[in-house]
Structures are given as structure tokens and as C-alpha cells.
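Quick caveat, the model's predicted, so the values are computed rather than measured.
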Amino acid sequence: SGVKTHRPTIQSPGKARMSHNKGRELAIAFMMLRGVPPRGSAALRAVAHQVIGQVVEVIAGGNIWILLILVAVMSLILGMGLPTTANYIVVSSLMAGVVVELGAQSGLIVPLIAVHLFVFYFGIMADVTPPVGLASFAAAAVSGGDPIKTGFTAFFYSLRTVALPFLFIFNPTLILY
């Protein structure tokens with residue numbers, strides 16, 4: 001009989017443990033590459049929030065305008081290359097608390113919804129901001145234009161509305177709060 005049958009081999013416990021650990025490491029690496037946080041990410045987020053808060057506090061020096069401009073720039077950078085939902089999660093978890101805490105220290109009580117709209121606005125503005133502006137690249141592909149020129153044009157058009165999120169902070173009645 002020329003038919004070969006498959007004979008299962010028995011691995012030693014050491015080899016099984018080693019392959020299990022290697023699989024776990026690969027799974028964690030894959031999750032991190034895909035943006036899925038492994039266990040302990042809440043502690044990591046808390047540390048990142050604390051560090052960002054301290055940096056902004058030191059640079060702003062108690063000036064609420066500098067604080068908001070720094071948070072806007074950081075939200076713009078953090079939002080680059082992220083889809084809308086991930087963008088909101090990232091900028092709101094890292095930047096919204098910074099504005100609330102440091103604003104309260106400066107004597108400005110800001111409604112949480114206004115802060116979330118503020119950081120989300122600048123996070124979404126990253127979609128048209130070069131060099132990563134995903135929406136600009138998509139528009140350039142459709143129109144056949146230069147992606148960087150399209151990105152800069154879109155960014156300059158969006159600069160006209162930059163005052164709106166600041167109005168959310170200083171005049172919450174605009175958002176019916």
C-alpha cells in the first residue's frame with residue numbers, strides 16, 4: 001500500500017510554550033500595527049495625557065489663548081492620517097482633558113461639549129492639511145491635480161473658519177449650551 005498516513009507528532013511542553021509565546025508576541029505586534037491597543041493602554045493613555053498636559057501648561061504659562069493654540073496644533077498633528085472615528089477617540093482622550101483642567105486653573109470654566117467640539121474640529125482639519133491630508137489626496141486623484149497644491153489650497157480655504165472653535169470655547173451659547 002503506497003498511501004502514506006499522517007502521523008501526529010507530539011511536541012515537548014517547552015516547544016509548545018515557546019510557540020505560544022511567539023504567537024502572542026506576533027498578535028500584540030499586529031494589534032499595535034493595526035491600532036488596536038493591548039492591555040494596559042488605559043495607563044499608557046493616562047501617562048500620555050499627563051505629559052501632554054504638563055508640556056502645554058509649561059509652554060502656555062497660564063495664558064488661555066496660547067493654551068488653545070497649542071491644543072489646536074497638537075490636535076491637528078494627532079488627527080493626521082486617521083479616519084474620523086479614530087480621530088475623535090485620539091484627540092478627545094488626549095487633548096480634551098488638558099483644555100478642561102488647564103482652563104479651570106486659568107479661571108475659565110469650559111463646557112465639556114465645547115472642548116470636544118474644539119479638539120475634534122482641529123483633528124478633522126488634518127484631513128485637508130498637507131503632507132498627510134487624506135481628503136486632499138482623494139480630491140486630487142479625482143480632479144487629476146497635484147496632491148500637495150490641492151492640500152495647500154484646501155488648507156488655506158479651511159483657515160477662514162478657524163475662529164469658530166474658539167467661539168465654542170468663549171461663547172458656549174453658540175452650541176446651545
Path from I113 to Y88 over hydrophobic side-chain contacts below 4.5 Å
no
Looking only at heavy atoms, the pair that brings S92 and A96 closest together is O-CB, 3.2 Å
Show every donor-acceptor pair shorter than 3.5 Å between a side-chain atom in residues 55-77 and any protein atom, with sequence neighbours excluded, or say none if there are none.
unit_1	atom_1	unit_2	atom_2	d
N63	OD1	W65	N	3.0
S75	OG	V71	O	2.9

Would you say F168 ends up clustered with V99 if hydrophobic residues are merged whenever their side chains have heavy atoms under 4.5 Å apart, either directly or through other cluster members?
no
Distance-only donor-acceptor pairs under 3.5 Å for side chains of residues 117-139, two or more places apart:
unit_1	atom_1	unit_2	atom_2	d
Y121	OH	T161	O	3.2
Y121	OH	T161	OG1	2.2
T129	OG1	M125	O	2.8
S136	OG	V128	O	3.2

If you look at every heavy atom in S93 and I89, which pair is closest and at what distance?
OG-O, 2.7 Å
Return a table of donor-acceptor pairs under 3.5 angstrom between the side chains of residues 147-154 and protein atoms on other chains or two or more places apart.
unit_1	atom_1	unit_2	atom_2	d
T150	OG1	D146	O	2.8
T153	OG1	K149	O	2.9

Tabulate below the donor-acceptor pairs under 3.5 Å that side-chain atoms of residues 170-177 make, not counting sequence neighbours, or state none.
unit_1	atom_1	unit_2	atom_2	d
N171	OD1	T173	OG1	2.6

Scan residues 90-109 for pairs that pass ring-ring contact (aromatic ring centres under 6.0 Å, His included), counting only residues two or more places apart or in two chains.
none
Are M80 and F155 connected in a single hydrophobic cluster, I mean Ile/Leu/Val/Met/Phe/Trp/Tyr linked by side-chain heavy atoms less than 4.5 Å apart?
no
Quick one: do F166 and V110 end up in the same hydrophobic cluster if we chain Ile, Leu, Val, Met, Phe, Trp and Tyr together by side-chain heavy atoms under 4.5 Å apart?
yes
